[in-house]
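Input: a single structure, listed below in structure tokens.
Predicted model only: the values in this text are computed from it and were never measured. In what follows, chains carry the letters A, B, and so on, assigned in the order in which the sequence lines appear, proteins first and then strands, with residues in each chain numbered from 1. Heavy-atom basis, side chains included; hydrogens, waters and symmetry copies ignored.
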Number of protein chains: 2
Amino acid sequence: MTDEQFPRPIVTVDIVLLTLSDERLCVALLQRATEPFQAVSGLIGGYIHADEDQDAEDAVRRILKQKTGLDGIFFEQLRSFASANRDPRGWSVSIAYFALVPKPVLEAAAHTLELRPVTEPGSLPFDHGEILAAAVNRLRGKGAYSTLPARLLPDIFTMSELQSIYETVIGERLDQSAFRRKISDLNLLEEVEGEKRQTERARRPTTLYRLKDPISVFNRRI
Amino acid sequence: MTDEQFPRPIVTVDIVLLTLSDERLCVALLQRATEPFQAVSGLIGGYIHADEDQDAEDAVRRILKQKTGLDGIFFEQLRSFASANRDPRGWSVSIAYFALVPKPVLEAAAHTLELRPVTEPGSLPFDHGEILAAAVNRLRGKGAYSTLPARLLPDIFTMSELQSIYETVIGERLDQSAFRRKISDLNLLEEVEGEKRQTERARRPTTLYRLKDPISVFNRRI
DNA sequence: TCAATAGTGTCTTTCAGACACTATGGT
DNA sequence: ACCATAGTGTCTGAAAGACACTATTGA
């Protein structure tokens with residue numbers, strides 16, 4: 001830090017907003033209003049506003065609110081992407097975040113978002129394809145060792161729904177018995193009183209659960 | 001990304017350079033040449049030079065070379081720290097990296113670095129304390145599931161040295177038998193011909209090993 | 001009673017931890 | 001012969017996977 005005669009790079013925040021639609025992991029995209037890549041769908045992003053944002057997380061919250069209407073959803077920093085050529089406007093830094101939202105919450109709040117399966121995201125502007133891939137990787141990796149995947153469900157859910165979401169995130173089938181045993185050993189959930197059966201075509205009523213802690217990380221793989 | 005009338009933040013790169021000294025994990029600090037915090041020891045860092053650096057990793061390599069003389073050592077991105085008040089000069093972004101270097105390599109190349117145990121780093125400028133803590137956390141967390149800790153050893157090492165470094169990084173004693181079994185199951189190492197006993201006071205000669213791959217990540221905990 | 005999912009019991013295998021044991025070679 | 005470290009064998013207990021089993025209730 002010896003010299004400050006260098007041009008400052010552009011700094012933006014980009015958010016990989018993930019949700020579950022039809023048992024598939026999907027990314028929410030927004031059509032760009034301005035150049036470059038005007039009218040192309042890309043990650044939700046924006047400049048940091050030095051006057052209103054105290055830190056990068058503030059910028060994420062503001063941008064999510066402004067551009068999607070969402071508020072109070074889970075997000076965490078992924079990493080930054082910084083290079084001379086990722087943006088045609090010049091040297092730029094994107095501080096990338098990934099966010100998880102239950103589909104119903106997304107539908108209630110969101111403006112006009114486009115959902116695409118993460119496996120076939122189509123062509124994305126800038127290096128958004130790479131950022132998306134990094135987010136999915138992170139979710140898959142951390143998903144097996146944390147309650148992260150539960151952030152894709154509503155606050156209250158059944159054990160089957162939880163298992164199903166883990167299967168989707170991790171990408172493999174899990175044994176029902178072992179799954180319940182592990183979840184129960186880890187003591188992550190609490191029962192919700194007034195059990196009732198959800199929408200499904202099941203006959204037998206299902207116990208409902210909620211997370212004790214917003215987010216838990218553990219050693220053993222689910 | 002709608003508007004570009006906002007002042008651009010300062011963007012720097014900061015490197016948490018870790019090594020092992022006396023069985024303790026230490027961070028290498030550099031005395032700052034300029035304000036703010038002139039003459040205070042802090043992380044190795046610098047501005048991105050938009051003209052010479054193609055990306056952030058280029059900046060890391062350049063800064064490491066210029067400020068420490070080190071070349072070709074392991075580093076990876078940690079995360080970014082971005083806020084209005086982390087730097088008295090204004091809104092700033094630090095893309096933080098952590099790097100691992102064997103002590104002999106550090107001593108051979110380094111200019112005037114100061115080594116401090118990560119457990120007692122003293123008072124650091126900016127939010128460098130927080131960045132250091134994040135780096136140590138990452139190393140501890142990832143260390144048990146990868147060959148990362150081996151980057152603190154020379155290319156060729158004994159099984160005992162490897163075990164010892166894992167113990168230091170993870171922060172707990174490991175059973176010798178189980179350790180060797182796991183390492184051998186994972187098939188990470190290859191024997192080096194011409195076994196010889198190293199410096200120690202051991203009587204029996206020791207087999208020497210090197211890593212097959214620069215870095216490996218695995219599922220099971222060491 | 002049947003369909004359909006909820007939820008449990010138990011066997012087997014795998015693996016980590018503990019710990020005692022053997023091996024080697026300089027002094 | 002002895003010491004200090006290198007390196008191995010084996011027992012035990014915990015947990016994972018496989019899979020069959022029972023439970024509940026609307027239709």
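The nearest whole Å value for the distance from the CG atom in A/Leu162 to the C1' atom in C/dA6 is 15 Å. Going from atom CD of A/Gln163 over to atom P of C/dT5 covers 13 Å, rounded to whole Å. The nearest whole Å value for the distance from the OH atom in A/Tyr145 to the P atom in D/dA16 is 11 Å. Between the CD1 atom of B/Ile183 and the C1' atom of D/dA6 there is a distance of 16 Å, rounded to whole Å. When the P atom of D/dG17 is taken as reference, atom CZ of A/Arg180 falls 16 Å away, rounded to whole Å.
Atom CZ of B/Arg86 is separated from atom CD1 of B/Ile131 by 5.0 Å, given to the nearest 0.5 angstrom.
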Do nucleotides 15-25 of chain C as a string where each nucleotide becomes B, S or -: B if the base has a protein heavy atom under 4.0 Å, S if just the sugar-phosphate does, - if no protein is that close.
SBBBB---BBB
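With sequence neighbours excluded, the residues forming a salt bridge (Lys or Arg N to Asp or Glu O under 4.0 Å) with A/Glu76 are A/Arg138, A/Lys142, listed by chain and number. Residues satisfying the side chain to side chain contact (heavy atoms under 4.5 Å, CB included) test with A/Ala99, not counting sequence neighbours, are A/Ile15, A/Leu17, A/Ile73, A/Phe75.
For A/Phe126 and A/Phe37, the distance between ring centers is under 6.0 angstrom.
Between the side chains of A/Thr207 and A/Glu191, no donor N or O sits under 3.5 Å from an acceptor N or O.
Between A/Thr206 and C/dG7 there is no side-chain polar atom (N or O) within less than 4.0 angstrom of OP1 or OP2.
Figure legend: A/Arg181 and A/Phe179 shown without cation-pi pairing, the cationic atom not lying both under 6.0 angstrom from the six-membered ring centre and within 45 degrees of its axis.
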